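Here is the structure we will look at, set down as structure tokens.
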Amino acid sequence: GQQLNQSPQSMFIQEGEDVSMNCTSSSIFNTWLWYKQDPGEGPVLLIALYKAGELTSNGRLTAQFGITRKDSFLNISASIPSDVGIYFCAGHSSSNTGKLIFGQGTTLQVKP
Amino acid sequence: DAGVIQSPRHEVTEMGQEVTLRCKPISGHDYLFWYRQTMMRGLELLIYFNNNVPIDDSGMPEDRFSAKMPNASFSTLKIQPSEPRDSAVYFCASSWSTGGWNEQYFGPGTRLTVT
């Protein structure tokens with residue numbers, strides 16, 4: 001079945017640094033989504049991407065839909081302590097009819 | 001606006017007992033999804049509904065699991081009998097087909113512990 005490979009698995013950075021994580025797929029997706037999950041809470045949608053090459057920002061977060069439609073990137077600029085959490089990518093292809101495929105998550109820790 | 005509502009937030013039960021998890025999707029959403037999250041397996045889709053009809057239940061682990069959606073504003077996930085390996089966080093999510101229908105919005109989850 002379809003799988004998403006998300007990397008890195010975890011990151012430990014200093015406050016103020018920029019962060020970059022990515023997700024790759026073996027097949028083409030027509031939607032990419034990025035979620036953040038805080039401890040004890042459900043995933044919260046950060047950014048949705050619908051077109052190849054699309055670059056979308058949400059505050060300090062920027063995500064891109066890869067040209068090949070098989071990858072996506074999330075960047076966080078000038079990290080702050082509240083950025084701590086698990087970031088998930090998710091993708092949807094036309095063959096999945098409503099299902100999202102989720103990556104394994106990137107755990108981000110920020111040192112003040 | 002109220003988000004997806006799940007109850008209970010925490011459930012502790014003994015092996016063999018019946019467990020019922022509840023979900024109220026966002027008003028107007030016509031898709032509803034049940035997920036299970038564990039450290040080992042991550043987020044797994046169990047089942048999803050469209051307009052109250054189950055579309056894909058291929059993720060339901062076994063016959064001990066069942067889900068219903070009697071109306072557009074309520075769904076249940078039942079485990080009978082429960083086993084320790086069912087311990088996990090169960091999420092409900094909803095989305096709507098006329099908007100960004102792939103944008104699923106998650107509830108806060110139910111943390112289930114089976115002893």
Side-chain angles (χ1 to χ4, degrees), chain A residues 1-10 21 23 25 27-52 54 56 58 61 63 65 69 72 85-107, chain B residues 2-10 21 23-26 29-51 53-60 88-112:
Chain A
Q2 290 179 310
Q3 288 185 324
L4 289 183
N5 293 313
Q6 188 171 348
S7 65
Q9 189 173 6
S10 62
M21 59 191 79
C23 222
S25 167
S27 55
I28 289 173
F29 281 177
N30 55 28
T31 303
W32 284 97
L33 305 168
W34 285 92
Y35 287 85
K36 182 194 177 196
Q37 185 175 22
D38 290 328
E41 300 296 330
V44 174
L45 181 63
L46 299 173
I47 294 177
L49 303 160
Y50 289 96
K51 290 169 56 177
E54 180 180 355
T56 298
N58 178 4
L61 278 62
F65 192 140
R69 298 172 65 191
S72 180
I86 304 176
Y87 292 80
F88 291 97
C89 62
H92 174 267
S93 69
S94 56
S95 62
N96 275 348
T97 59
K99 283 183 180 180
L100 287 178
I101 307 297
F102 279 85
Q104 308 96 315
T106 295
T107 299
Chain B
V4 175
I5 298 172
Q6 290 187 248
S7 65
R9 290 295 310 271
H10 302 272
L21 312 181
C23 175
K24 177 178 169 57
I26 293 173
H29 283 194
D30 53 356
Y31 279 85
L32 184 140
F33 306 81
W34 282 101
Y35 289 88
R36 177 171 67 177
Q37 186 178 41
T38 61
M39 289 292 290
M40 292 297 294
R41 300 173 69 91
L43 265 171
E44 301 175 276
L45 177 65
L46 301 177
I47 184 172
Y48 77 94
F49 297 81
N50 178 220
N51 291 322
V53 176
I55 302 301
D56 186 340
D57 65 355
S58 59
M60 296 286 260
V89 181
Y90 290 82
F91 289 105
C92 176
S94 68
S95 65
W96 73 105
S97 57
T98 54
W101 70 290
N102 292 318
E103 297 176 16
Q104 296 180 19
Y105 293 85
F106 283 76
T110 295
R111 181 173 294 277
L112 174 65

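Numbered from 1 within each chain, the chains take letters A, B, ... in sequence-line order. Nothing here was measured: the structure is a model prediction, and the numbers come from that model.
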- Task: Measure distances from R9(B) to the heavy atoms of chain A and classify the residue's part below 4.5 Å as side chain, backbone, both or neither.
- Result: side chain
- Task: Examine whether an atom of S58(B) lies under 4.5 Å from a heavy atom of chain A, and if so say whether it belongs to the side chain, the backbone or both; otherwise answer neither.
- Result: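 For S58(B), the side chain is the part near chain A, not the backbone.
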- Query: Side chain, backbone, both or neither: which part of E41(A) has an atom under 4.5 Å from a heavy atom of chain B?
  - Reply: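 Contact with chain B involves both backbone and side-chain atoms of E41(A).
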- Query: Just one of R36(B), Q37(B), R111(B) clears the side-chain contact (heavy atoms from CB on, under 4.5 Å) bar with Y90(B), so which one?
  - Reply: R36(B)
- Item | Heavy-atom pair count under 4.5 Å with chain A, highest-scoring of G42(B), P108(B), G109(B) |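 Looking at each of G42(B), P108(B), G109(B) in turn, P108(B) comes out on top.
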- Query: Should T106(A) and P8(A) count as side-chain neighbours, where that means a heavy-atom distance under 4.5 Å?
  - Reply: yes
- Query: Looking at the rings of F106(B) and F33(B), which for Trp means the six-membered one, are their centres under 6.0 Å apart?
  - Reply: no
- Query: How are the rings of F88(A) and F102(A) set to each other: parallel, tilted or perpendicular (split at 30° and 60°)?
  - Reply: perpendicular
